[in-house]
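The chains referred to below are lettered A, B, ... by the order of the sequence lines, with proteins before strands, and numbering in each begins at 1.
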2 protein chains.
Amino acid sequence: MHSNMKSGPTIQDIAAAAGVSKSTVSLVLQESPLIKAETAEKVREAARALGYVYNRGAANLRGKRSTTIGMVINDLTNPFFVELLVAIERVLAQAGYTTLMAHTAESLETQTRVLRSMREQNVAGLIMSPALGTTDELPAEIQSWGIPLVLVMRPMGPDVDTIGVDNSYGFALATEHLVGQGHTRIAFAGNRKGYAVANQRRQGYLSTMAKHSLPVNDDWIIDVPLTPEGGRDAVRAIFDMKPRPTAVVCYNDQVAIGVLHELDRMGKRAGKALAVVGCDNIIAAEHTNPPLTTLFAGADKLGTIASETLLARLSETSEDEKPPVQYFAVPELVVRESSVGAKASHVNAAA
Amino acid sequence: MHSNMKSGPTIQDIAAAAGVSKSTVSLVLQESPLIKAETAEKVREAARALGYVYNRGAANLRGKRSTTIGMVINDLTNPFFVELLVAIERVLAQAGYTTLMAHTAESLETQTRVLRSMREQNVAGLIMSPALGTTDELPAEIQSWGIPLVLVMRPMGPDVDTIGVDNSYGFALATEHLVGQGHTRIAFAGNRKGYAVANQRRQGYLSTMAKHSLPVNDDWIIDVPLTPEGGRDAVRAIFDMKPRPTAVVCYNDQVAIGVLHELDRMGKRAGKALAVVGCDNIIAAEHTNPPLTTLFAGADKLGTIASETLLARLSETSEDEKPPVQYFAVPELVVRESSVGAKASHVNAAA
DNA sequence: CTGAAAGCGCTTACAG
DNA sequence: CTGAAAGCGCTTACAG
């Protein structure tokens with residue numbers, strides 16, 4: 001096997017070349033202040049000359065620690081999670097950790113397999129965006145393994161570190177914006193019954209409608225897949241209703257993109273024929289036609305906070321253990337053309 | 001430290017519980033046929049009872065092999081590379097390998113750091129889409145480490161396994177399509193001088209123009225960043241030209257999306273005001289307004305082939321070593337509205 | 001400031 | 001079919 005061919009110099013070889021013990025070499029590699037500068041330099045020189053490569057696996061085994069962190073992501077076809085992943089990988093790399101990545105594609109089976117694999121790889125910690133349908137017991141099980149866990153985007157109770165978004169607030173904000181544009185019949189596209197995040201988003205929408213005493217027809221809450229195809233189906237449903245909603249709040253930007261596209265296909269324009277709001281502010285939202293109004297929570301910031309939360313857990317001792325972090329970012333609404341009809345924007349300008 | 005707390009049962013503990021030696025336990029875990037079924041069952045039972053977790057790192061250290069593979073990606077903000085990553089991760093996981101992921105964001109410095117880290121992690125192999133500006137010496141250097149390397153999308157010579165796309169053919173196809181629509185003044189957006197892939201793509205475009213005896217103005221070859229912003233700049237440049245090009249071939253879908261968006265902002269429509277072709281057929285290309293004509297090479301297939309190429313290297317002995325794989329997928333053109341004006345499509349229908 | 005010794009959790013010849 | 005022994009490449013008390 002190709003992989004059996006590799007076996008470069010070890011600290012033993014460096015020790016021999018530099019005329020010291022391997023303990024000394026090890027300490028030099030760890031930049032220990034115990035070693036005399038002169039000796040250290042001699043060792044480093046020998047390491048360089050031999051083309052030495054540190055074996056982190058051996059170090060981890062002996063040192064009973066680990067410098068890899070597992071990252072389990074549910075949906076990489078959604079650019080929001082990619083942004084999150086990139087931010088997390090960046091912060092962890094800066095802190096000297098390596099990221100073991102796994103993609104579950106929302107499959108519980110894959111998620112189970114992947115978690116077992118990460119445990120066998122002895123990850124120091126886990127950051128996870130759980131697949132839809134993950135049972136509430138999972139976080140406790142992972143914690144029972146002795147592996148710190150940070151949940152991102154999808155909360156699963158108060159006992160586990162969680163970094164997410166105040167979805168209820170966000171969707172209230174989005175709905176409020178549409179009401180402010182004069183809309184009274186507003187639909188919600190991408191309802192998924194039983195999923196915590198969908199419940200929060202629907203809740204934000206419903207509470208705002210109620211606040212303004214606006215009735216909500218049952219069929220305005222449209223249960224479609226959380227994809228562009230779902231958005232397409234939602235538009236078709238909306239244009240079959242009479243009287244039909246004049247605005248729609250979408251579960252996320254993926255759904256909203258499908259809505260914009262189906263409207264275009266029908267020869268209509270978002271903002272005029274139907275006001276559209278998305279959620280996530282993925283990079284593409286700025287370049288859709290028309291540009292998409294959407295909720296911004298900062299994937300980069302969320303990823304950074306998630307990483308830092310995990311890093312803090314990794315360096316805490318059992319005495320100073322902090323209570324679970326429950327951080328929910330407050331989203332902002334980025335208003336673009338998709339939610340503002342020509343007339344409405346005129347009204348705005350006058351105000 | 002939190003990470004010091006973990007130390008579950010080892011094969012030693014299982015051996016004690018099952019009343020056998022740890023050699024036997026090890027063999028059972030490897031499903032060796034040498035061990036009597038009865039003994040094996042007793043061992044497995046003990047492992048289960050103790051909640052044993054296999055320590056892959058220790059096994060790799062002792063066995064002088066490795067079950068992790070490094071994946072170095074240049075640009076995860078481009079959904080094409082995400083598709084590639086997902087496919088690769090899936091195939092490797094099926095084969096029992098774990099994927100160590102790193103994102104360079106086209107930074108040579110990050111790439112260097114990341115490769116060193118992967119080497120220290122003792123990866124069995126590397127799949128890499130090199131950052132722009134990577135020097136030609138890098139593949140040979142990595143190979144000198146004894147780590148099999150498969151390059152994806154960005155070729156760097158014949159001596160290293162490479163999975164990519166026949167860009168020259170693809171861009172000839174795209175240009176041919178536009179000529180077939182009656183265009184004679186065709187621009188190329190996203191030229192990046194000195195980059196191999198850009199050279200190939202430009203070459204495909206130029207050769208097709210030449211084949212049809214169509215002159216190419218220097219300023220039609222527009223050097224812009226390979227992003228939506230680059231696409232925006234290209235449109236502005238095109239509409240400043242007189243006579244202006246009536247069609248544009250874009251370096252990739254990211255650039256094309258910027259072109260579609262800037263046209264929309266100007267109140268024009270791609271396909272009518274300017275025919276637009278992209279490259280990559282990212283999932284979003286189907287849902288742009290208007291839908292984007294683009295080159296399809298199959299990120300999923302390319303990722304699968306790249307993984308399989310690497311797996312083949314890992315299981316080959318030094319005697320049966322195969323010559324470098326140089327696989328270049330032949331792209332197809334997916335024709336959508338962005339390149340077909342109302343009139344032109346009428347012509348098509350008549351044909 | 002440096003070295004000798006033990007050991008992390010496994011695998012792999014080698015005996016029997 | 002199973003066990004005893006050596007060892008992968010490191011780190012970490014412990015001596016001196």
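- The base of dG9(C) is not paired with the side chain of Arg62(B) by any donor and acceptor separated by under 3.5 Å.
- Each of dC10(D), dG9(D), dT2(D) was ranked by its minimum atom distance to the side chain of Leu61(A); first place goes to dG9(D).
- Closest contact between the side chain of Ala58(B) and the listed nucleotides dG9(C), dT2(C), dT11(C) involves dG9(C).
- If you check every strand for non-hydrogen atoms under 4.0 Å, Val43(B) touches nothing.
- Here the C1' atom of nucleotide dT2(C) and the CD atom of Glu38(A) are 13 Å apart, to the nearest Å.
- Spacing between atom CG of Asn55(A) and atom C1' of dC8(D) amounts to 9 Å, rounded to whole angstrom units.
- With distances taken from any side-chain atom of Lys36(B) to the nucleotides dG9(D), dC1(C), dT2(D), the minimum falls on dT2(D).
- What you find for Thr68(B) and Asn122(B) is that their closest heavy atoms are OG1-O, 4.2 Å.
- Atom pair Gln12(A):CD and dG3(C):C1' shows a separation of 12 Å (rounding to whole Å applied).
- Across all strands shown, dA4(D) remains unpaired; no Watson-Crick or G-U wobble contact has both distances below 3.5 Å.
- The distance between atom CZ of Arg65(A) and atom C1' of dG9(D), rounded to the nearest whole Å, is 15 Å.
- Asn74(A) and Ser129(A) share a donor-acceptor pair across their side chains, judged by distance under 3.5 Å alone.
- Salt-bridge formation is detected for the pair Glu45(A)/Arg48(A): a Lys NZ or Arg NE/NH1/NH2 atom is positioned less than 4.0 Å from an Asp or Glu carboxylate oxygen.
- For the pair Tyr54(B) and Leu29(B), the minimum side-chain heavy-atom distance is below 4.5 Å.
- With rounding to whole Å, Leu34(B) atom CG is found 18 Å from dG16(C) atom P.
- Annotation for Gly303(A) and Leu84(A): closest pair N-CD1, 3.6 Å, computed over non-hydrogen atoms.
- As rounded to whole Å, 15 Å separates atom P of dA5(D) from atom CD1 of Ile11(B).
- Look at Arg119(A) and Glu141(A) and you find no salt bridge, because none of the NZ, NE, NH1 or NH2 atoms lies under 4.0 Å from a carboxylate O.
- Between Ile14(A) atom CD1 and dT11(D) atom P the separation is 11 Å, expressed in whole Å.
- For Asn60(A) and dG7(C), the CG to C1' distance is 16 Å, given to the nearest whole Å.
- Pair check for dA13(C) finds none; no Watson-Crick or G-U wobble contact set falls under 3.5 Å.
- Scanning residues 21-30 of chain A for heavy-atom distances under 4.0 Å to DNA chain C yields Ser21(A), Lys22(A), Ser23(A), Thr24(A).
- Between Thr24(B) and Ser21(B), the side chains place a donor N or O and an acceptor N or O closer than 3.5 Å (distance only, hydrogens not considered).
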